[in-house]
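These notes concern the structure reproduced below.
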Amino acid sequence: MQSPDQPVLRDIVLVGGGHSHVGVLRRFGMHPLPGVRLTVICRDTHTPYSGMLPGYIAGHYGYDEVHIDLRRLARFAGARFLRDEAVGLDRGARKVLCRGRPPMPYDVLSINIGSTPQMAGVAGTEQHVVPVKPIHGFDARWRLLLERVRKHAGATRIAVVGGGAGGVELTLAMQYRLRDELRALSRDPDELVFHLLTRDPDILPTHNARVRRAFDRVLVGRGVVVHRNAEVNQVSATRVRAAGGETVEADEIVWVTRAGGAPWLRQTGLALDADGFIRVSDMLQSVTDPNVFAAGDIASMVDYPLEKAGVFAVRQGPPLAENLRRAVEGRALKPYRPQRRWLALISTGDRHAVASRGRLGVEGAWVWRWKDWIDRRFMAKFSELPEMEHEASTVASPVKLDREEAAQAISALAMRCGGCGAKVGATVLSRALGALHPVERGDVLIGLHAPDDAAVVRVPPGKAMVHTVDFFRAFIDDPYLFGKIAANHALGDIFAMGAEAQSATAIVTVPPGLEAKVQDVLFQMMSGAVEVLNEADCALVGGHTGEGRELALGFAVNGLVDADMSSVMRKSGMRPGDVLLLTKPIGTGTLLAAHERLQARGRWIDAALASMCQSNRLGAQCLREHGASACTDLTGFGLLGHLVEMTRPSGVDAELDLAALPVLEGAEETSAAGILSSLQPANVRLRRALRNQQEALSHPRYPLIFDPQTAGGLLASIPAQRAAACLGALRALGYEHAAAIGRVLAQGEAPEPVVLAARKDGGLTRLMRRADT
Ligand SMILES: Cc1cc2nc3c(=O)[nH]c(=O)nc-3n(C[C@H](O)[C@H](O)[C@H](O)COP(=O)(O)OP(=O)(O)OC[C@H]3O[C@@H](n4cnc5c(N)ncnc54)[C@H](O)[C@@H]3O)c2cc1C
């Protein structure tokens, strides 16, 4: 949505990736608003679609059929996706407080975070209950329950607390699935006993009598024991107790009762209703703060009390998008009137459903097929995203600016058009950098704490200095995370040498824009970077910040090694017989390329980013302690390129076992689809270093040996007898994908130094066995 030629004038921040916000993202993706940047903060990358959840639980749908990939949707919408959790608001400063990153500023904020279970006052719920809400994390809770029931010997009693549509649907879906599971284990499905408890005299109190009768009949037919007028006020590991004294023995207790607003909202000063939901007007705007909007379960429309149902959250998407657009444009907002009657299609677990609307109630397998058709069509809107051309926008932004902002915007636009290499203004710089707290070291004589023309750093006696530099443009739209990865990538060279990092200077390029926006991007990015540098005890001592078309960051890092070079790990020390270890999985190049083209799953990118954020510091120490004879960090040249950089100066050959390579999830799929990094063709030229390239061409991992890595792992040669211990130690340090991927051979006659082994499996075992002997 945000063209690089268009400075950011306003920020709309969406907190939560609920049913309304996915609609907002899609609409902004289809109809971008020049000058407006969208940012989504959500703790889930894959957000569940409630309409299909019961079908997922019953086993009719797979995970990806019922979850919307927010990272991909945000990419389509040109929005920034920040995987994090909002924990508060600073409304004065217009900032969202996040659990794991600096506060995120907004001009207009929208909240769509669903609801939280209200279990306060019911003793024992904290320890003994599986809450369905928040919808976030329910999948993990459900899988655990599934596992427990599979392992539970004999009868399993399951109590579901809550007799609304959610509770009834969930009971029937769970029963259907769990009976199937027991049958698959050759067990008697009648070992399952279900209880449904409701505080009301009837189940489904908001639906008509015909619908209630249909479900009464189904529940009786399925042997579910329904407890009416049973308000649960106490639970234990084995029992549910109702206010009237009735008790139900239960091995599992599932909680699907009325929910409330997230507790942190109470500190925001926003007007909330009795259940803690945000009171909003017909414009979906907070009645307290015109810059804050809310939709879905978390919103309480003061003029239209609504049931908490996904259908309303979905319906609120389009009017919310319209009003967010109007709010940044400074136009009058449009009221939204929800429909009085709505259609609910409630399933009975077995591909049968009941339709409920007003006094209407019909049922049948055809209702389920109808529901399935509606739900799949809804999901297709978010999985089959149309190709959009986000060309340089020439359209003037409709955002209303004050005089000072207008002047800054005109000057930013002029600078962008000119390609600009100007320095960032001193005020912006000092505000952004002034809030950082780089680690202080005794050997830094002049650094950021007393800035001068250059930093002065002492090399302690007995030490020698290691220098390295790295620089690259932002490949993700999250400046904080990009800052972390850029710093981690730059430090990689220092650690690979067996050195400790001492000091760093930064080189930064930020696109020109409104001062406040430039300042924040700079602050977010450098906060991430300083966090990583501080963790490595590396002092940020200075830098240079200029304006340019794209966000980019690099570091010149200095490190220290023992002056006698005894601790240095070089590329040239490989010895025949050594085992090759790799500390992190490969595949970042193809995955990032696929993300760019909307072809990667959000969770693949999450895992790739987590891997890029993992420091090589402990890994390098571990390799050194286990006698590494050579080491390097994997970056742009890919695995083969870096391996050849080691074999040549070492005067050895190497065997690489393709089957043993640790690979990031999704990388084989994306590379098989021909989605490769733009650097890959240059790396592929090195295939001439392969002795048996033809034999390995069809192996799914073959393209990945050329895949350029960002902040990749360490590749080291370890004496064979110590390799198994080293691998165990690496895994214990958190390098869970560390693997033995080959061995070092004596140099042969052939001119090509690398031979590929493409065994289907067993390569690793064989190597490790060799290593142990
Ligand atoms: C078993 C079951 C079945 C249901 N079936 C139906 C049905 O068939 N039809 C129907 O209309 N309704 C159904 N409902 C109700 C429905 O689930 C909710 O009404 C609906 O999910 C509310 O949508 P929402 O958009 O408000 O929020 P949610 O769908 O709950 O989404 C909230 C999002 O915000 C994120 N989030 C939460 N807190 C934070 C935070 N602090 N920071 C960042 N991100 C955050 C979450 O991770 C999540 O992605 C069902 C409910 C249950 C329990």
Side-chain angles (χ1 to χ4, degrees), residues 13-24 39-58 66-70 73 81-89 96-101 104 109-117 130-139 141-142 160 162 164-174 206 254-259 261-265 268 277-278 294-300 306-317 320 342-347 349 353-356 371-372 374-375 378 602:
V13 173
L14 308 178
V15 170
H19 296 61
S20 318
H21 279 173
V22 293
V24 170
T39 303
V40 195
I41 303 174
C42 190
R43 53 188 179 193
D44 281 328
T45 298
H46 297 265
T47 195
Y49 168 48
S50 61
M52 290 172 97
L53 260 191
Y56 170 66
I57 289 162
V66 306
H67 286 81
I68 296 170
D69 186 336
L70 279 177
L73 179 62
F81 177 72
L82 314 184
R83 190 172 171 215
D84 211 316
E85 184 183 357
V87 292
L89 293 184
V96 180
L97 310 180
C98 301
R99 186 171 297 286
R101 60 174 59 238
M104 181 54 55
L109 175 70
S110 178
I111 304 177
N112 176 210
I113 55 172
S115 38
T116 311
V130 176
V132 171
K133 298 275 178 152
I135 218 165
H136 151 82
F138 175 67
D139 181 50
R141 298 193 290 273
W142 162 241
V160 178
V168 171
E169 231 183 338
L170 193 68
T171 303
L172 294 169
M174 286 199 303
T206 58
V254 182
W255 203 261
V256 206
T257 64
R258 204 166 48 98
W264 61 265
L265 287 170
T268 60
F277 295 115
I278 303 169
D297 276 10
I298 198 62
S300 167
L306 295 174
E307 197 168 314
K308 299 296 176 197
V311 61
F312 292 114
V314 169
R315 292 260 160 83
Q316 287 171 349
L320 177 66
W342 52 287
L343 174 72
L345 300 173
I346 312 166
S347 55
V354 181
S356 163
K371 173 176 165 55
D372 177 64
I374 293 175
D375 288 340
F378 174 79

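When a ligand or atom number is given, it counts from 1 through the structure's own listing order. Heavy-atom basis, side chains included; hydrogens, waters and symmetry copies ignored.
- Contact residues for ligand 1 (protein heavy atom closer than 4.0 angstrom to any ligand atom): G16, G17, G18, H19, I41, C42, R43, D44, T47, S50, G51, P54, D84, E85, A86, N112, I113, G114, V132, K133, I135, H136, E169, L170, W264, G296, D297, K308, A309, G310, V311, A313.
- Between Y56 and H67, the angle of the ring planes goes over 60°, which puts this pair in the perpendicular group of the 30/60° scheme.
- Between T47 and G17, the shortest heavy-atom distance links the atoms OG1-O, 3.0 Å.
- With rounding to the nearest 0.5 Å, the separation of OG in S50 from CG in D375 is 8.5 Å.
- Between the OG atom in S347 and the CG atom in D372 there is a gap of 10.5 Å [rounded to 0.5 Å].
- For D297, the side chain to side chain donor-acceptor pair (under 3.5 Å) partners two or more places apart in sequence, or in a different chain, are S115, K133.
- Within 6.0 Å of CZ on R99 lie no more than 12 heavy atoms contributed by other residues, nucleotides or ligands.
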